[in-house]
Amino acid sequence: MRKLLHVFKSTLIFLLFINEVISTPPEDPIKCLSKNTNCTITNANGIFPDRSTCKVGEVKYPTSEEELISVVASATKNKIKMKVATRFSHSIPKLVCPDGQKGLLISTNNLNKILKIDKEAKTMVVESGVTLREIISEAGKVGLALPYAPYWWGITIGGLMATGAHGSSLWGKGSAVHEYVVEIRIVSPSNPLDGYVKVRTLDEFDQDHLNAAKVSLGVLGVISQVTLKLESIFKRSITYLSKNDSDLGDELISFGRKHEFGDVTWYPSQRKAVYRIDDRVPINSNGDGLYDSIPFRPTLSAELAIVRTAEDIQEVKRDAKGKCDGAKLITSTLATFGYGLTNNGVFFGYPIVGFNNRMQSSGTCLDSLNDGLITACAWDSRIKGQFYHQTTFSIPLSVVKYFIEDVQKLVQLEPNSLCGLELNNGILMRYVTASSAYLGKTEDAVDFDITYYRSKDPLRPRLFEDILEEIEQIGLFKYKGLPHWGKNRNLGFVGVIKKYPNAEKFLKVKAEYDSVGLFSSEWTDQVLGLKEGVTILKDGCALEGLCICSQDSHCAPKYGYFCKPGRIFKDARVCAFHDVKKTEGQNVVKDEL
Ligand SMILES: Cc1cc2nc3c(=O)[nH]c(=O)nc-3n(C[C@H](O)[C@H](O)[C@H](O)COP(=O)(O)OP(=O)(O)OC[C@H]3O[C@@H](n4cnc5c(N)ncnc54)[C@H](O)[C@@H]3O)c2cc1C
Ligand SMILES: *[C@@H]1O[C@H](CO)[C@@H](O)[C@H](O)[C@H]1NC(C)=O
Ligand SMILES: *[C@@H]1O[C@H](CO)[C@@H](O)[C@H](O)[C@H]1NC(C)=O
């Protein structure tokens with residue numbers, strides 16, 4: 001094991017010095033048997049939560065709004081189910097699948113133009129397939145800034161709005177990009193009198209429709225254009241500060257109110273929290289900072305394979321301690337290299353000061369110039385890399401302290417249980433604010449991003465399966481957390497629509513825009529509460545988050561995992577190892593490495 005750690009460490013260090021922008025761009029999520037027909041689509045991970053991919057009859061690539069209108073009209077006339085697809089398809093759940101095998105995908109890949117920038121009014125009009133990266137960079141060129149945005153820039157404005165994507169802030173209108181959208185043009189099905197298609201322009205004078213369309217899950221039609229309200233470019237100053245986590249529950253709210261762009265990364269098994277102190281500073285402050293997040297850089301496939309193999313072995317051997325050692329190494333390496341922050345290309349310590357457009361989002365692993373998969377994004381499914389589940393929910397500020405304390409109690413019971421999360425850069429906690437969007441956040445909240453090992457074998461449980469499942473159920477059900485629409489396993493969406501007081505208003509607009517439901521699918525109907533069946537009951541379903549276990553077969557009796565109540569949340573039902581106290585956390589197999 002020592003040797004493995006050593007190899008791991010040297011590759012980890014090596015990777016930090018690959019500074020050239022070479023990498024293999026991600027695979028096209030759409031694959032067709034013949035040109036644009038008989039296709040399948042998945043997401044950027046190459047697989048949906050239920051391990052399916054989905055079949056579609058045809059893909060169209062409109063290059064203008066006129067073409068888009070004629071595509072929607074003709075599909076509506078022929079009663080064909082439709083969905084919008086994007087270049088990389090970064091959402092995890094099955095939002096992009098039209099029902100049946102003959103559906104139509106409308107890709108926004110060629111709807112990628114910046115249409116207008118008004119420096120005076122500080123607005124920008126873009127087609128919906130434009131990526132976050134282009135928006136930030138084109139705005140920056142004329143001295144404008146999108147203040148808050150997701151940290152990963154490989155997503156499109158249409159896709160990120162549909163799922164309510166956000167960065168981190170409690171200030172102003174908060175961190176969700178849709179809060180900065182002032183006008184939307186949307187193309188929806190209509191009746192024969194309208195020529196089967198209707199184009200609507202929604203602005204502030206039509207709050208009802210705008211609030212529905214800002215976060216739409218893609219079920220209202222195709223967003224063609226978006227107008228964003230920007231502000232003048234400004235500089236930020238970032239300092240990461242590491243503290244023990246004993247007062248995290250108390251600190252979290254005041255920290256968020258104090259620092260405009262702050263976030264916190266939590267390493268619960270290391271009992272540590274890293275605070276990103278991130279504030280606006282005067283534009284003449286010194287510094288040419290850059291944030292090029294290390295996990296989003298091109299990563300050596302060989303290194304990814306080593307890391308994955310190490311975790312596969314740790315899982316099989318139930319080597320929790322090994323995971324904890326690996327986690328400490330990764331955590332300290334990231335800290336040593338400033339998490340990817342540099343000033344004039346180097347990192348010598350904090351603060352790092354720079355322009356907002358260079359500090360907010362990154363994702364250099366997307367850069368093309370195909371190197372034949374020597375390096376790639378860590379989750380690229382063509383290589384042996386990250387394969388994970390992601391549970392992401394937001395918990396209202398009013399109760400977030402109790403959620404933190406519940407997780408801390410679980411760590412007290414099982415100190416090594418959350419090292420697996422730390423291997424995936426810990427729990428990222430970001431601030432989001434209540435929104436007027438009908439499917440936006442209902443209260444000011446902290447969003448938790450929890451990423452953990454997923455076996456290639458769906459029937460294989462993970463280490464501390466029970467603790468991870470209990471945290472998921474505590475967040476979603478005890479504190480009624482709102483799942484991120486673009487992440488999560490199926491169980492994240494159990495009863496979700498009941499958590500939204502404005503759901504009825506959303507459904508009314510949906511009925512008006514697409515009365516037949518051509519843009520709806522089984523999955524979106526289930527999520528929106530129009531159909532039963534978000535969860536799927538079968539052997540091992542709880543391991544994949546397809547169900548909450550109610551009998552042992554939903555877990556993995558073969559590996560000693562049975563359906564039990566939670567340890568501190570008694571209403572939880574989790575897959576627990578039969579003799580947790582005695583064996584978990586120890587090497588039961590002799591270390592042969
Ligand atoms: C590495 C990584 C990092 C991430 N980081 C963050 C983060 O920091 N913050 C955050 O909040 N989220 C984050 N996410 C999640 C991400 O923001 C969402 O999954 C987002 O929806 C992906 O956008 P996309 O362009 O890939 O859209 P897709 O996933 O392709 O589409 C999402 C939905 O939008 C619909 N849609 C797309 N375009 C249109 C359109 N023009 N009109 C109508 N409907 C449309 C699609 O049909 C689908 O239903 C991250 C995801 C990954 C993989
Ligand atoms: C595509 O699918 C149709 C049926 O849906 C089938 O008739 C046709 O042969 C398929 N084409 C190819 C190239 O597989
Ligand atoms: C955590 O840090 C605080 C000071 O910030 C200190 O008082 C406390 O004893 C520390 N707790 C642990 C467990 O180290």
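If you read the sequence from its start, that first residue is 1, and numbering goes on from there. This is a predicted model, so every value here is computed, not measured. One-based numbering, in listed order, for ligands and for the atoms of each.
- Neither the backbone nor the side chain of I92 has a heavy atom within less than 4.0 Å of ligand 1.
- Between K94 and E522 there is no salt bridge, since no side-chain nitrogen of the basic residue lies less than 4.0 Å from a carboxylate oxygen of the acidic one.
- Residue V84 has at least one N or O atom closer than 3.5 Å to an N or O atom of ligand 1.
- Among all non-hydrogen protein atoms, the one lying nearest atom 9 (N) of ligand 1 is H166 O, 2.9 Å.
- Protein heavy atom closest to atom 33 (C) of ligand 1, with residue, atom name and distance, is A162 CB, 3.8 Å.
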Would R236 and D278 satisfy salt bridge (charged side-chain N to carboxylate O under 4.0 Å, His left out), going step by step from the backbone distance to the final call?
CA-CA 7 Å; R236 282 159 64 171; D278 187 345; 2.5 Å; yes
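- Within the structure, ligand 1 lacks A85 among the residues with a heavy atom less than 4.0 angstrom away.
- A centroid separation of less than 6.0 Å is found between the aromatic rings of W485 and Y500.
- At a heavy-atom cutoff of 4.0 Å, ligand 1 is contacted by no atom of K83, backbone or side chain.
- Residue contact check: W379 has heavy atoms under 4.0 Å from atoms 1 (C) of ligand 1.
- Scanning the protein for heavy atoms near atom 18 (C) of ligand 1, the closest one is T163 OG1, 3.6 Å.
- For a threshold of 3.5 Å applied to N or O pairs, the pair formed by I223 and ligand 1 contains at least one separation below that value.
- Scanning the protein for heavy atoms near atom 44 (N) of ligand 1, the closest one is G218 CA, 3.5 Å.
- When hydrogens are left out, the protein atom nearest atom 13 (C) of ligand 3 is N244 ND2, 4.5 Å; that is the closest non-hydrogen contact.
- In this structure, atom 2 (O) of ligand 3 has a protein heavy-atom contact shorter than 4.0 Å.
- Heavy-atom proximity to S128, at under 4.0 Å, picks out these atoms of ligand 1: 41 (N).
- For ligand 1 and H484, the ligand atoms under 4.0 Å from any heavy atom of the residue are 10 (C), 11 (O), 12 (N).
- Within ligand 1, counting atoms from 1 as listed, the ones closer than 4.0 Å to a heavy atom of L95 are 48 (C), 49 (O).
- Side chain of R185 to backbone of V199: no donor-acceptor contact under 3.5 angstrom is found.
- Residue-environment remark: NZ (K499) exceeds the threshold of 12 foreign heavy atoms within 6.0 Å.
- Residue contacts with ligand 1: G159 is placed with a nitrogen or oxygen under 3.5 Å of a nitrogen or oxygen of the ligand (distance criterion only).
- Of the N or O atoms in S91, one or more lie within a sub-3.5 Å distance of an N or O in ligand 1.
- The atoms of ligand 1 that sit less than 4.0 Å from any heavy atom of H90 are 19 (O), 22 (C), 26 (O), 29 (O), 53 (C).
- Distance remark: protein heavy atom not present below 4.0 angstrom from atom 5 (O) of ligand 3.
- Atoms OG1 and CZ, from T156 and F88 in turn, are 10.0 Å apart once rounded to the nearest 0.5 Å.
- Of all the atoms in ligand 1, the ones that sit under 4.0 Å from a non-hydrogen atom of Y151 are 7 (C), 8 (O).
- A salt bridge does not link R430 with D263: none of the charged nitrogens is closer than 4.0 Å to a carboxylate oxygen.
- Scanning all protein heavy atoms for the shortest distance to atom 52 (C) of ligand 1 gives W152 CD1, 3.9 Å.
- Cation-pi check for R276 over Y350 is not met; the charged atom does not lie both under 6.0 angstrom from the ring centroid and within 45 degrees of its normal.
- The pair E67-K60 fails the salt-bridge criterion, with no side-chain N (NZ, NE, NH1 or NH2) lying under 4.0 Å from an Asp/Glu carboxylate O.
- For the pair K487 and D449, the salt-bridge criterion is met [side-chain N within less than 4.0 Å of a carboxylate O].
- Close to ligand 1: G221, with a non-hydrogen atom less than 4.0 angstrom away.
- Between the OG1 atom of T375 and the CG atom of D367 there is a distance of 10.0 Å, given to the nearest 0.5 Å.
- For atom 15 (C) of ligand 1, the closest non-hydrogen atom on the protein side is K487 CE, 3.5 Å.
- Just one residue in the list S175, S394, S435 forms a side-chain hydrogen bond (donor to acceptor under 3.5 Å, both in side chains) with K441, and that residue is S394.
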Are Y148 and F261 close enough, and set up right, to give a ring-ring contact (aromatic ring centres under 6.0 Å, His included), and what steps lead you there?
CA-CA 8 Å; Y148 317 102; F261 308 92; 5.3 Å; yes
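- Polar contact with ligand 1: present for T86 (N/O pair, distance under 3.5 Å).
- The ring-ring contact (aromatic ring centres under 6.0 Å, His included) test applied to W152 returns H90, F296, W379, not counting sequence neighbours.
- Within 6.0 Å of atom NZ in K113, more than 12 heavy atoms from other residues, nucleotides or ligands are found, so the atom counts as buried in its surroundings.
- Contacts of T108 with ligand 1, taken as heavy-atom pairs under 4.0 Å, involve the side chain alone.
- For atom 9 (O) of ligand 3, no protein heavy-atom neighbour is present inside the 4.0 Å cut-off.
- Because its NZ or CZ atom is both nearer than 6.0 Å to the ring centre of Y275 and within 45° of the ring axis, K243 counts as a cation-pi partner of that residue.
- Of all atoms in ligand 1, numbered sequentially from 1 with element shown, those under 4.0 Å from a heavy atom of V222 are 42 (N).
- A donor-acceptor pair shorter than 3.5 Å cannot be found between the side chains of D444 and Y431.
- Under a 4.0 Å criterion applied to the non-hydrogen atoms of R430, ligand 1 contributes the atoms 7 (C), 8 (O), 9 (N).
- Counting protein heavy atoms only, atom 22 (C) of ligand 1 is closest to I155 CG2, 3.5 Å.
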